[in-house]
Peer 1: 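Okay, here's the structure, questions in a sec.
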Amino acid sequence: MYEVVQVRLRESGKITYFSTNGMKFKAGDHVIVEADRGLDYGQVLSETEVLLDADIEEPLKKVMRKANPWDMHQIEKNKKKIKEAMDTCSKKIHERRLPMKLIDAEFSFDRSKIVFYFTAEGRVDFRDLVKDLANAFKTRIELKQIGVRDEAKMLGGLGPCGRALCCATYLKDFEPVTIKMAKEQSLPLNPTKISGLCGRLMCCLGYEYKTYKELMKGLPREGETLKTPKGPGKVVAVNAIKRAVSVELEDGSIIEVPIQ
């Protein structure tokens, strides 16, 4: 049994569980954590949870301490150095005419590594670019190709609902989203209406999908013929929440029929 908290590494890193190492943290705390090589920083996103041994898929790394004023100063210093790193990387990409778009970069806490994030249409051979950057910064370089959903998560923004993007605030992982989810909720299949800033189907289509799927059981589908107290008609709309359908009768009038 382990006491753990969820931590987002750096600004754009993966959200994962870390052992509390016997310490107490609350959501929002900045912490210094064990990394693959050295130390890194992140922000606690959850209250303390308990995981059983069977729930642990890989060895847990530890939170080393809550970030102190010196740590926060170091983190801010690293952030200020990122613009220089981005400018240098962009210049090297242009010089080598690589078909890639640089999105963001991050220093690890101890500056033992710089991670560059980029998008590209296909695979890119960036081995020479890594050598250029390693020579320029004298540290370990990691380049990560990301998708358009990851790009939106990093850059942030406001969704059609007017709120900050779910992926940029609290979503831990991207779940598959399909057009079937939109159909099940009787949403308009207009790409501009059901797509997010990333150009992919909105993540929120999956939030209520299971509920709608359950509510739709036993309800007639649009286009079906239904017998009503006022005669037969064609189902033109389905309201899963109200468990009712709108039926167009032979005379052209439309009535709402509850379905038990």
Side-chain angles (χ1 to χ4, degrees), residues 1-51 55-92 102-118 130 133-144 146 150-158 163-173:
M1 187 180 297
Y2 298 89
E3 285 193 346
V4 299
V5 286
Q6 292 185 49
V7 175
R8 186 199 298 275
L9 285 179
R10 300 181 296 280
E11 276 68 47
S12 310
K14 182 180 179 182
I15 298 173
T16 188
Y17 283 111
F18 282 83
S19 166
T20 62
N21 208 12
M23 295 176 281
K24 299 296 181 185
F25 302 101
K26 61 180 185 294
D29 284 346
H30 289 86
V31 291
I32 306 303
V33 301
E34 274 186 325
D36 292 332
R37 300 182 187 178
L39 299 176
D40 215 333
Y41 71 94
Q43 186 173 26
V44 176
L45 300 183
S46 71
E47 300 300 326
T48 300
E49 305 173 40
V50 175
L51 291 184
D55 297 326
I56 306 298
E57 296 179 357
E58 52 190 52
L60 276 176
K61 289 187 169 59
K62 300 174 183 177
V63 177
M64 303 308 294
R65 63 180 180 271
K66 184 176 177 180
N68 58 42
W70 186 90
D71 295 329
M72 296 305 297
H73 175 69
Q74 176 74 4
I75 291 168
E76 288 306 313
K77 233 167 96 177
N78 290 347
K79 289 179 182 178
K80 288 176 182 176
K81 294 283 287 182
I82 283 300
K83 186 180 186 307
E84 177 189 333
M86 291 276 287
D87 290 344
T88 300
C89 187
S90 295
K91 182 181 175 183
K92 297 295 183 184
L102 184 63
I103 301 300
D104 201 2
E106 296 176 326
F107 275 100
S108 63
F109 173 72
D110 54 10
R111 291 201 190 179
S112 63
K113 177 174 71 173
I114 310 176
V115 184
F116 293 94
Y117 301 92
F118 71 93
V130 170
L133 296 172
N135 287 332
F137 295 106
K138 309 301 180 188
T139 190
R140 191 159 56 99
I141 302 296
E142 184 176 344
L143 267 72
K144 283 190 176 182
I146 61 174
D150 296 294
E151 180 181 358
K153 178 178 181 177
M154 285 185 176
L155 300 181
L158 299 178
R163 298 173 65 90
L165 297 180
C166 298
C167 60
T169 49
Y170 68 88
L171 279 187
K172 184 177 178 182
D173 296 304

Peer 1: List for me each residue that meets salt bridge (Lys or Arg N to Asp or Glu O under 4.0 Å) alongside Lys26, sequence neighbours excluded, and say none if there are none.
Peer 2: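 Listed in chain order: Asp29.
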
Peer 1: The test is side-chain hydrogen bond (donor to acceptor under 3.5 Å, both in side chains); show your working for Tyr17 and Glu49 and say whether it passes.
Peer 2: CA-CA 9 Å; Tyr17 283 111; Glu49 305 173 40; 3.1 Å; yes

Peer 1: Taking only residues two or more places apart in sequence or in another chain, which ones pass ring-ring contact (aromatic ring centres under 6.0 Å, His included) with Phe118?
Peer 2: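 Per chain and number, Phe118 pairs via ring-ring contact (aromatic ring centres under 6.0 Å, His included) with Phe126.
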
Peer 1: Is there side-chain contact between Phe25 and Val63, with at least one heavy-atom pair below 4.5 Å?
Peer 2: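 When only atoms from C-beta onward are counted, Val63 and Phe25 do touch, with a gap below 4.5 Å.
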
Peer 1: Distance-only criterion, 3.5 Å: show the donor-acceptor pairs between side-chain atoms of residues 84-91 and protein atoms not counting sequence neighbours.
Peer 2:
unit_1	atom_1	unit_2	atom_2	d
Glu84	OE1	Lys81	NZ	3.3
Asp87	OD2	Lys83	NZ	3.0
Thr88	OG1	Glu84	O	3.0
Ser90	OG	Met86	O	3.0

Peer 1: Mark yes or no for whether Thr139, through its side chain, and Ser112, through its backbone, hold a donor-acceptor pair below 3.5 Å.
Peer 2: yes

Peer 1: Does atom NZ of Lys62 have more than 12 heavy-atom neighbours from other groups under 6.0 Å away?
Peer 2: no

Peer 1: Measuring from atom NZ of Lys113 to atom CD1 of Ile141, what distance do you get when rounded to the nearest 0.5 angstrom?
Peer 2: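 One finds 10.5 Å between NZ of Lys113 and CD1 of Ile141.
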
Peer 1: Taking all atoms of both residues into account, what is the closest heavy-atom pair of Ala164 and Thr169, and its distance?
Peer 2: CB-CG2, 3.8 Å

Peer 1: List the steps and the verdict of side chain to side chain contact (heavy atoms under 4.5 Å, CB included) for Ile114 and Leu133.
Peer 2: CA-CA 9 Å; Ile114 310 176; Leu133 296 172; over 6 Å; no

Peer 1: Verify, without hydrogens or angle tests, whether Asn78 (side chain) and Ile75 (backbone) share a donor-acceptor contact under 3.5 angstrom.
Peer 2: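 Between the backbone of Ile75 and the side chain of Asn78 there is no qualifying donor-acceptor contact (under 3.5 Å).
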
Peer 1: Between Val33 and Asp40, is a side chain to side chain contact (heavy atoms under 4.5 Å, CB included) present by the stated rule, with each step listed?
Peer 2: CA-CA 5 Å; Val33 301; Asp40 215 333; 4.2 Å; yes

Peer 1: Just jot down the side-chain contact (heavy atoms from CB on, under 4.5 Å) partners of Gln43, sequence neighbours excluded, or say none.
Peer 2: His30

Peer 1: Nearest 0.5 angstrom please: Asp104 CG to Ile146 CD1, how far?
Peer 2: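 Between Asp104 CG and Ile146 CD1, I get 8.0 Å after rounding to 0.5 Å.
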
Peer 1: Using the test side-chain contact (heavy atoms from CB on, under 4.5 Å), find all partners of Leu155 that sit at least two apart in sequence or belong to another chain.
Peer 2: Ile103, Glu151

Peer 1: Taking salt bridge (Lys or Arg N to Asp or Glu O under 4.0 Å) as the definition, give me every residue that meets it alongside Arg111, ordered by chain and number, with sequence neighbours left out.
Peer 2: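 Residues passing salt bridge (Lys or Arg N to Asp or Glu O under 4.0 Å) with Arg111: none at all.
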
Peer 1: Is the backbone of Leu60 close enough, under 3.5 Å, to the side chain of Ser19 for a donor and an acceptor to pair up by distance?
Peer 2: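 Looks like no, no N/O pair under 3.5 Å.
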
Peer 1: To the nearest 0.5 Å, what is the distance between NZ on Lys61 and CG on Leu9?
Peer 2: 9.5 Å

Peer 1: For the residue pair Phe137 and Phe116, categorise the inter-ring angle as parallel (less than 30°), tilted (30 to 60°) or perpendicular (more than 60°).
Peer 2: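 Aromatic pair Phe137/Phe116 classed tilted.
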
Peer 1: To the nearest 0.5 Å, how far apart are CD in Gln74 and CG in Asp110?
Peer 2: 8.5 Å

Peer 1: Which distance, rounded to the nearest 0.5 Å, do you find between the CD of Glu106 and the CE of Met154?
Peer 2: 6.5 Å

Peer 1: For a quick test of reading the model, state the closest non-hydrogen atom pair linking Trp70 to Phe109 and the distance between them.
Peer 2: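 Heavy-atom minimum between the residues: CZ3-CZ, 3.8 Å.
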
Peer 1: Show your reasoning for whether side chain to side chain contact (heavy atoms under 4.5 Å, CB included) applies to Tyr117 and Asp150.
Peer 2: CA-CA 10 Å; Tyr117 301 92; Asp150 296 294; over 6 Å; no

Peer 1: Considering non-hydrogen atoms only, spot the tightest contact between Ala152 and Ala168 and give its length.
Peer 2: O-CB, 4.5 Å

Peer 1: Can you see which heavy atom on Glu47 is nearest to which on Ala27, and at what distance?
Peer 2: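 Closest approach of Glu47 to Ala27, heavy atoms only: OE2-N, 3.6 Å.
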
Peer 1: Check whether any side-chain N or O of Thr48 sits under 3.5 Å from a backbone N or O of Glu3 as a donor-acceptor pair, and report yes or no.
Peer 2: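 Answer holds: no.
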
